[in-house]
Amino acid sequence: MTTSTSSGRRGIRLGYRANLVGISALGVILLWVVVALFAPHMIPHSVGEIVDTDYFGPVSRDLWLGSDYLGRDIFSRILMGARYTLGISLAAVSIACFSGVALGMTAAVAGGWLDTMLSRFLDALNSIPSKLFGLVVVAAVGSSIPALIATLSVIYTPGAYRFARALAVNVNTMDFMVVARIRGEKLPYLIASEILPNILGPVLADLGLRFVFVVLLLSGLSFLGLGVQPPYADWGALVRENIGGLPFAAPAVLFPSLAIASLTISVNLLIDNLPRRIRDRSPE
Amino acid sequence: MTGNLVEIRNLRVEATTDSGRRLEIIKGVSLDIAEGEIVALIGESGSGKTTIALTLMGYTRQGCKITGGEVRVGGVDMVGLSETERAGIRGTTVAYVPQSAAAAFNPAITIMDQVVEVAQIHKLMPAAQARAKAISLFRALSLPEPEAIGDRYPHQVSGGQLQRLAAAMALIGQPKIVIFDEPTTALDVTTQVEVLRAFKTVTRQHNIAGIYVSHDLAVVAQIADRIVVLKDGEIRETGTTSEILEHARHPYTQELLAAFRPKAQERVPEIETTANLPLLMVDQLTVGYGSRLRNGEPLVSAVQSVSLRLDRGRNLGVIGESGCGKSTLARAIAGILPAHAGGITFNGRELGKAGRSRTRNELRQIQIVFQHADTALNPAKSVEDILGRPLTFYHGTRGKARDARISELLDLVRLPKSVRQRRPGELSGGQKQRVNFARALAAEPTLILCDEITSALDTVVAAAVIELLKELQRELGLSYIFISHDLSVVEAICDEIIVMYRGQKVEEITPVRSKVPEHPYTRLLFSSVPKLDPTWLDGLQQDPEQVRTYCHH
Amino acid sequence: MRRQISSLVMRRLLIALITLLIVSIAVFSATALLPGDTATILLGQSATPEAVEGLRKAMHLNDPAIIRFLKWIAGIFQGDFGTSYANNVPIANLIHGRLANTMKLAGLTAAIAVPFALTLGITAAMWRGTLYDRIVTVATIGIISVPEFMIATLAVLLFAVYLKWLPALSFTNETKSFYDLMRTYAMPVMTLTFGVSAQMIRMTRAAVVETLNTPYVEMALLKGASRPRMVLRHALPNALGPIVNAVALSLSYLLGGVIIVETIFNYPGIAKLMVDAVSTRDLPLIQTCAMIFCLGYLALITAADIVAVLSNPRLR
């Protein structure tokens with residue numbers, strides 16, 4: 001017995017079964033997006049200004065999250081850090097998913113040697129552990145922000161490709177693809193009009209998951225001192241700067257980590273609580 | 001214990017849909033089965049027949065829940081039992097024969113281990129005794145090599161054999177009642193006969209009661225003592241087999257029966273049109289899959305040197321069992337799967353073998369309609385977009401003209417205008433198949449290849465679709481090539497029939513001239529189609545030699 | 001059948017070899033072809049052009065890239081990984097002990113994480129939908145969502161700062177007794193185990209749940225089988241391929257994890273060596289470390305593929 005579905009609806013249909021966990025996760029994500037957009041107008045102290053005479057100062061009324069290893073306001077630095085963490089990750093994941101999905105659909109529909117070559121090559125790239133890939137490229141080209149975005153998008157393109165190709169291959173075996181082909185349709189129509197609407201939901205969900213990976217990798221690189229470089233600082237760099245405060249359990253080490261966790265956990269929870277039909281890999 | 005083995009009283013089952021809505025799918029069903037009696041549950045898909053049968057084991061599929069009533073088996077109410085207590089009854093008192101034995105056998109375990117598992121779970125008998133019993137069951141079910149077949153893995157035996165092995169698996173625990181869940185639906189007709197016969201013999205011998213779930217009245221007529229007709233989770237009619245077949249009272253039952261006796265071809269046999277140019281000539285077509293061998297032959301050839309001829313305005317049926325190459329033939333004619341050798345002449349012009357090498361106009365004139373509307377219609381597009389695309393693509397129709405033409409097409413296939421904005425997932429099976437057909441009509445073709453287009457539909461719906469095709473033919477002057485495994489469908493609409501077996505055309509027959517089939521395979525095939533006559537199976541005489549030759553490929 | 005299996009296995013091995021070739025090209029070109037002149041880096045910005053040119057000649061940097069690539073590959077095959085720029089020591093010597101250290105760390109983690117994660121993943125699938133399953137699911141989502149350095153810092157805070165059970169960030173080489181060994185390895189192994197297990201639990205659970213939804217498991221239920229029987233006898237043999245794959249993929253995650261963990265705990269392994277090499281732009285050392293990591297990853301994935309082929313009952 002098949003359950004009837006009207007798939008292909010984009011995004012989350014409101015009124016679909018309000019899921020408390022999903023909604024609160026969405027709230028946290030939106031909050032961070034707003035912070036990233038308006039951080040310069042929200043910060044109580046300038047990020048470079050030394051406002052505390054003590055370093056690794058505790059939480060206080062003036063410094064909500066304490067001070068860092070130089071006595072700067074951690075709260076302001078986290079708000080500004082959101083710009084780098086979210087901005088770089090979002091740019092990278094968008095580029096990665098766009099190119100991965102476009103290539104994946106093309107490979108699935110065109111088939112033949114193009115598919116084999118692309119798949120073999122991108123699978124090989126995929127078999128370089130992501131952190132390692134990041135290290136090698138950073139070693140070679142340095143870690144300016146554009147270079148970071150480029151590196152991160154190259155690292156995550158093969159994954160997006162593999163995912164989209166698997167979905168597109170499934171759709172490609174459907175009879176409506178045969179019908180369209182034998183009607184005489186050309187590749188661009190097949191991709192844009194027959195395949196894409198069927199895989200859009202899962203592809204967007206995958207984009208979310210991949211965003212989490214990018215945030216984690218970027219934070220990891222910054223933590224190793226190979227990501228965002230001073231004077232800028234993303235959340236990973238904030239943890240690195242203040243790691244010296246760990247023996248004193250300084251809030252400066254804890255809160256940037258918590259900021260990362262709140263973002264990544266929220267994205268994962270949101271995707272986990274999406275309605276099945278959007279999340280599911282297999283088109284019915 | 002009261003008189004009846006099974007007593008279902010006021011059973012209610014609820015299902016939770018994907019969107020969290022709850023839906024009552026069984027609405028207060030009551031039903032009795034006596035010891036040794038076989039009761040058939042008949043109805044279309046979604047009527048709740050399997051759901052009711054499974055409640056005998058206290059089991060509901062994921063998302064479903066028994067919300068009311070009782071299901072007493074041998075006096076015990078399955079609804080009230082704990083999961084462990086139910087497990088004790090499953091396999092021993094009540095056993096299950098699934099629709100697809102191929103899916104229900106674990107691919108990683110040998111058949112024997114799975115058959116004797118019931119005995120092992122319930123500690124019924126020592127292992128050696130269980131094996132011996134399994135072998136005797138294999139023999140009773142007339143399986144080949146009963147001693148050795150159990151040592152094979154499920155993928156190493158044929159579908160018909162697996163289905164009988166599943167019955168052995170159900171019978172080894174000496175159940176009082178067996179649930180047969182559409183056990184022959186996935187089988188070819190020639191195989192179905194053997195399996196049905198085996199089921200009937202064994203249940204009679206051991207005086208086992210049965211609940212036989214099916215959508216096929218003719219099959220049910222052979223095996224059931226009583227028939228229960230279901231629709232939308234409610235019982236419409238109950239009666240003995242002959243009562244239902246001969247004196248059906250409920251309109252739905254009558255509709256079911258009517259669908260079973262399709263009107264024969266009404267069209268007057270046309271005057272010989274051989275003088276005219278034939279619409280389609282297929283000459284010595286050979287089609288195959290896989291890479292080519294050194295001599296240029298394909299690795300696996302699915303169609304071997306098949307020729308056929310179709311005149312304008314007439315219909316050709318292609319009939320045969322699964323794997324005979326009939327669908328491949330249609331795909332080769334459509335250009336989906338390029339033929340390896342031979343020629344296709346359409347309207348006097350030689351067509352390219354691959355669709356790619358045909359002109360847009362040639363592609364337009366031959367349209368193909370597939371069996372599964374579910375996969376043939378893009379689930380992400382609205383009916384309007386689906387029908388509009390061929391209009392724009394072939395005829396350049398846009399805007400208002402296109403809208404008007406879409407309305408016309410929906411009218412043609414008798415669909416309401418309200419479906420325009422819907423997606424295929426929101427339509428019923430019959431509606432989907434109509435949209436599927438309307439898309440072919442949108443191209444304004446001269447020939448439509450229908451590949452098993454009624455096989456996935458319920459009997460009543462399928463009959464309506466066939467009627468529609470006949471009407472459209474009269475209105476639009478189309479020709480059809482009808483691919484099917486179902487003789488009655490083909491007979492209802494075709495002027496000529498070719499019979500295929502293992503990629504070859506074995507015979508060509510013309511039903512209107514009531515030419516009697518001559519080839520032994522054709523005879524076997526035709527005689528295996530169940531009739532709405534309860535005595536048909538018992539009276540059926542088939543040459544065992546031929547059954548052996550043609551059934552176990 | 002046997003021939004089919006061996007040809008499938010050969011195919012996997014061949015694919016692994018091709019992949020390794022592509023990876024080595026990628027690693028080489030990423031480090032050698034991208035901007036940043038090695039000779040200038042080594043000599044510093046103030047070096048005279050003559051000195052830079054001299055060094056370029058000495059290091060064969062003027063040769064075409066393809067020649068340098070082939071020389072590099074040929075060197076690797078002879079066990080010659082080149083010489084570190086930073087301290088002019090043969091790379092083989094640098095790597096030797098450190099590789100063993102990293103293997104020790106990874107091996108210990110795997111020995112703990114694999115049985116732990118498989119048990120949790122399989123039992124969570126077995127009691128799908130229960131409170132136990134939900135707790136496991138939420139916990140694993142939480143863990144895979146946070147960076148390793150966060151798990152590490154939390155572990156330090158808890159065990160070293162508050163409880164004072166374990167030494168904090170320093171790694172001592174004076175591991176005399178089993179107790180000392182436990183203490184020094186506890187936190188790095190714990191951090192890695194957390195991350196690796198979370199991945200593995202999720203994938204194992206998914207693989208088993210997928211098999212539990214098949215008609216043959218339903219059939220087992222209708223024969224009266226208990227839950228453990230359905231899972232252990234009917235689902236597991238068929239989920240073996242995906243589970244082995246899950247183990248391999250998670251263990252490869254270990255390769256990424258050691259980079260952070262070795263840095264944070266100052267552990268003298270190969271990953272720490274590589275991070276240091278990146279800071280000093282010691283390209284030959286980076287190349288070698290990268291190749292070792294990729295080789296490890298590929299070996300895991302290929303092994304998993306082969307196990308999946310062998311465990312397919314249809315090929316028996």
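Residue numbering restarts at 1 for every chain, and letters A, B, ... go by the order of the sequence lines.
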Side-chain donor-acceptor pair present, A/Y84, A/S89, cut-off under 3.5 Å: no

Atom pair OG (B/S484) and CD (B/Q371), whose distance is rounded to the nearest 0.5 Å: 9.0 Å

Spatial distance of atom OG1 (A/T157) from atom CG (A/L152) [nearest 0.5 Å]: 10.5 Å

Neighbours of chain B found in residues 257-266 of chain A - heavy atoms under 4.5 Å: none

Region of B/I336 in contact with chain A, defined by heavy-atom distances below 4.5 Å: both

Which atoms of A/T173 approach chain B - backbone, side chain, both or neither, heavy atom under 4.5 Å: neither

Side chain B/D458, main chain B/V460, donor-acceptor under 3.5 Å: no

Derivation and outcome, salt bridge (charged side-chain N to carboxylate O under 4.0 Å, His left out), residues B/E444 and B/R405: CA-CA 11 Å; B/E444 294 173 26; B/R405 183 75 184 122; 3.8 Å; yes

Residues, nucleotides or ligands: over 12 heavy atoms within 6.0 Å of A/Y189 OH: yes

Atom group of B/R422 that falls short of 4.5 Å from chain A, counting heavy atoms: neither

Residue-level contacts of residues 384-392 of chain B with chain A, using a heavy-atom cutoff under 4.5 Å: B/R389, B/P390

CZ on B/R439 to CG on B/L409, rounded to 0.5 Å: 12.0 Å

Residues A/M177, A/E194; criterion side chain to side chain contact (heavy atoms under 4.5 Å, CB included); working and verdict: CA-CA 7 Å; A/M177 290 301 292; A/E194 300 283 349; 3.6 Å; yes

Partner set under salt bridge (charged side-chain N to carboxylate O under 4.0 Å, His left out) for B/E44, not counting sequence neighbours: none

Residue pairs, two or more places apart or on separate chains, that pass salt bridge (Lys or Arg N to Asp or Glu O under 4.0 Å) and touch residues 105-115 of chain A: A/D115-A/R165

From CA spacing to verdict: side chain to side chain contact (heavy atoms under 4.5 Å, CB included), B/K326, B/R331: CA-CA 9 Å; B/K326 55 190 191 301; B/R331 280 167 186 257; over 6 Å; no

